[in-house]
Amino acid sequence: MSPRSLWSSSALALGVATFLAFDRSGGADPARKPLKVFILAGQCDLEGHAMLRELDALAEDPVTAPILAEMRGADGTPRVCENVWIADSHGIAPGEPGGERRGRLTSHDGADESFGPEFSFGIYLQKLLDEPILIVKTAWVGKSLITDFRPPSAGPYEMRGAPLERDAERGLGPETIRAEKAAASGRSYRLMIRQIRKALAEIQEICPDYDPALGHELAGFVWHQGWSDLCDHANYPDGDEPGGFDEYTRLLARFVGDLRRDLAAPGLPFVIGVMGADGVLSESPRLMRFTQAMAAPAQLPEFEGNVVNVMTGDAWDDRWRELISRRLQLEGRAAALDEDENLDPAQRSAALERSWAELFSVEERRLMDAGASARGAAAPWSAKLVARLGKAFAEAMAELIRRPGAAPRVRETTRYGARCLERAIDELRGFVILPTEPSADGSRPWVWYAPASWSGYPGKRMSWLFSRLLQQGYAICGTDVGDSFGSPRSRAIYSRFHEHVVGTYGLSAMACLLPQSRGGLMWYNWAVENPEKVACIGGIYPVCDLTSYPGLRATAVAYGVTEAELRGSLAMHNPVDRLAPLAKARVPVLHLHGDRDEVVPLERNSGVLIDRYRRLGGPGQLLRIEGKGHAEVPEFFESERLLAFFLEHGRVTAPRAR
C-alpha cells in the first residue's frame, strides 16, 4: 500500500484575505526559519501506548522497515531529533494533568518508555518541510467529544434520557448527576487550550535554540479521537442507523471553528485522524456510521482546502486484523477461566496455555508477543501501527500546508509582552497583537496605529501605552501602507484590513485610531469615508494639513498624480477640509500636540482641525503640551489622559446618535 492511500482530503483553497508580516529578523541567517508549531490532540489512540520493545517488529514488514530506519540511530537506539521538540501533557486526572514531557523529540515517554504517533509524525514532517518544529500534544485517555472536548459554541452538555437513567444507578439524584456533567462539559477542551497557550508562552524554555527574532508559526492541528463517542450507546442510541452520529459531525465542525478562534489562527490546517478501530470491528455498522460522521466535516464548504482526513483504519494490515481477532477470542476464554470456581490457578494456567496453542502457531505467538500492546481492536496501540499513523499524519499535513491557495503563513512573536501575529498576502501587510487579558465585559476593542512600517513603527516608544491597553482587553493592530500620506490606494487597503481583523479575530467593528505624525493624514482620510467604523481618534502630534507636511509635491508622487491635479482636488484629500462626516457621527477626537513643534506646527495642524471640528459640532479636544516639539518624550507617549481617552471611548459597538 502506498503512503498516499492512508489519507484522503477535502478540497482546495482559502479565499479569505489575510495580511503580511513585517520582516523584523534584521540580519538573521536567511537559511534559518521560524519555528513551526503543530498541535496533536485527542484521547487514548494518540496518548501513546506503543512500547520500545516492539520496534523490532517493524523490521519484518517492508512497509514499516523504512520507518524503523528513520526512528533509530546508527547505533540502533531510538533517535533523538535535533530539530524537533515536544511539549506533551499526559495522564490527565480529575484535577490537573498527571505529567508533562518537554525537550527534543524521541521515542520514550516516561518510565514505561511508551510513545505515540508524535514520534514518526515529527520525524517525517521535519523531513518534508525542512523547518524546526515544536509539537504540543494534549491527549488523554477516555475523553469524548460530546462531553469532555465539547466546544464552547455547542453550549453545555445537557444530560437527559438514557444517560441520566444509567448514571442514576449510582444512587445519585438527577440534579447531582447533571451538576457533575456540567462540570465535565468542555473541561478537556479548556485544558487543551490552556496547555497550548502555556507551551507557546514558554517556547524559549522548551526549545533553547528558539530565536525570538524569527518567531514561530502556529502551523497545524491533528485530531485523533473517537473511541469514547463510538462506544457511547446512551448518547448515540441510533449509531447503527444512518444519521445516528450526526451530533458528532456537528460538534467536530464547531470544534474546528472554536479552536481556530480561541487560538487566533484562522484557516489553521486541520487533519482529522478518522477512527480506525478495525480488526473484528471492521464490518461493524456502528463503526461504519461513526467513521462517516467523523470524516464529514472535511467536506463542508467552510473547511474547503484547510481540513483533511487520514483514514487510520488503512494502517491495519490484514495479518494483524486477523491476529487481533483471535487475540480477542483468547481474552474471552481467559475471562471465562477466571470465573470458573472449579479450577485452581495451575489448572487455569494450563487451560489458557492450551488455548494459546489452539489459536496461534509458534510464529504467530512470537509476533503477538513482539507487538503485545496491540491488545484489542479498541485502539491501534502497537509500535507498528502507531509509526504508520504518525507518518500518514505528517504526509497529510505537509500536503495541506503546501496546497496552492492554502492559508498564508503566520509568524508569531512577542511584542509589548503579548502575542503578536504577523501575516501577508499581496499588498496587505500588518499585525495583530492579542490582549494579555480579556475584556471584563466580553467586548473586543482595539487600537489601530499609523504609520506602521517595516522600519520600526510602532516601536518601544509605545510600550507604556500599549502594555496598559493590552491588559485592559484591547488588541493593538497596524497596517503598512508605506509613505502613502492617505492616498486613495492606502484607504482601500485599510478597508480590507479592517474587514479581515473584524471577521477573522472577532474584533469590534469600531476601531480606536491612533495617528502619530504623518499617520494623521492616513487616518483622517480613511476615517471620514468610514465614520461608522471609528470609535474615536486619539492623536500624537498628527499631520492634519498635507500642505503643511509633506507638501503637495511629495504628496502628488505618493498619490500618482501631478501636483496641479492634486491641487485641483485638494478638498477630496486634505483632512482639515473634509471633517463633516466625522462630526456628524460625533466621533470623539483628542490630539496631543507640542507648542514648539517645528516639523508639524501645532496651529496649522491640530489647531486648525480641532477648531473646525468643534465648529461642525464634533466633540474635539486639544491637549497643548507646553515647551515640547516633535519629540519622543513621556508627555506624549506616557499620557494618562490619552490612555483614559481610549479606555472611555473604545468599547462603543455602534455609531453614536447624530
Side-chain angles (χ1 to χ4, degrees), residues 447-448 450-451 479 481 484-499 502 508-552 555-556 558-559 561 565-593 600-624 642 645-646 648-650 652-658:
V447 169
W448 197 357
T479 318
V481 294
S484 60
F485 304 119
S487 68
R489 171 184 160 275
S490 70
R491 300 171 211 169
I493 295 173
Y494 280 142
S495 291
R496 287 177 58 198
F497 182 90
H498 178 277
E499 179 182 3
V502 171
S508 170
M510 303 184 72
C512 301
L513 305 184
L514 171 50
Q516 177 186 341
S517 192
R518 67 185 183 277
L521 297 175
M522 300 172 180
W523 273 151
Y524 275 104
N525 275 340
W526 181 81
V528 297
E529 296 171 358
N530 299 275
E532 74 284 357
K533 300 174 183 176
V534 182
C536 61
I537 303 175
I540 298 175
Y541 40 72
V543 180
C544 307
D545 184 345
L546 53 80
T547 67
S548 169
Y549 179 93
L552 295 187
T555 304
Y559 279 42
V561 298
E565 288 172 334
L566 179 59
R567 190 180 303 278
S569 60
L570 195 58
M572 298 172 56
H573 305 295
N574 203 17
V576 295
D577 296 326
R578 52 194 315 239
L579 298 170
L582 289 174
K584 186 177 180 180
R586 297 195 57 77
V587 174
V589 172
L590 170 66
H591 284 192
L592 280 61
H593 214 125
V600 183
L602 183 152
E603 297 304 332
R604 293 187 60 187
N605 290 277
S606 291
V608 172
L609 186 140
I610 296 299
D611 179 64
R612 292 185 181 181
Y613 195 59
R614 288 172 175 170
R615 291 175 183 273
L616 290 168
Q621 305 173 59
L622 173 60
L623 182 59
R624 186 186 298 265
L642 186 59
F645 176 78
F646 285 131
E648 178 183 357
H649 299 291
V652 62
T653 58
R656 298 162 184 82
R658 299 180 180 180

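Across every non-hydrogen atom of F646 and C512, the tightest pair is CD2-CB, 3.7 Å. The shortest heavy-atom contact between A527 and L582 is O-CD2, 3.6 Å. Across R586 and G617, no two heavy atoms sit closer than the pair NH1-O, 2.8 Å. Nearest approach of A558 to S484, heavy atoms of both residues: CB-O, 3.8 Å. Across A535 and V652, no two heavy atoms sit closer than the pair CB-CG1, 3.4 Å.
Remark: the S490 side chain and the W526 side chain contain no N/O donor-acceptor pair separated by less than 3.5 Å. A donor-acceptor contact closer than 3.5 angstrom links the side chains of R578 and N525.
Residues Y494 and T479 meet the side-chain proximity criterion, which asks for heavy atoms closer than 4.5 Å. With a 4.5 Å cut-off on side-chain heavy atoms, S495 and N530 count as touching. In this structure, the side chains of Q621 and I610 stay at 4.5 Å or more apart for every pair of heavy atoms. Inter-residue side-chain proximity for C536 and L513 is flagged as unmet; no heavy-atom pair is nearer than 4.5 Å. For the pair H593/P542, a side-chain contact is recorded, criterion being any heavy-atom separation below 4.5 Å from C-beta on. Residues H591 and C544 are in side-chain contact: their nearest non-hydrogen atoms beyond the backbone lie under 4.5 Å apart. In this structure the side chain of K533 reaches within 4.5 angstrom of the side chain of H498, judged on heavy atoms. Using a 4.5 Å cut-off on side-chain heavy atoms (C-beta onward), R612 and D577 make contact.
The main-chain N or O of L602 is never found under 3.5 Å from a side-chain atom of S606 such that the two would form a donor-acceptor pair. No donor-acceptor distance shorter than 3.5 angstrom exists from the side chain of S517 to the backbone of G519, with no hydrogens or angles considered.
Aromatic pair F645/H649: centroids less than 6.0 angstrom apart.
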**Q.** Evaluation steps, salt bridge (Lys or Arg N to Asp or Glu O under 4.0 Å), between R624 and E603
**A.** CA-CA 10 Å; R624 186 186 298 265; E603 297 304 332; 3.3 Å; yes
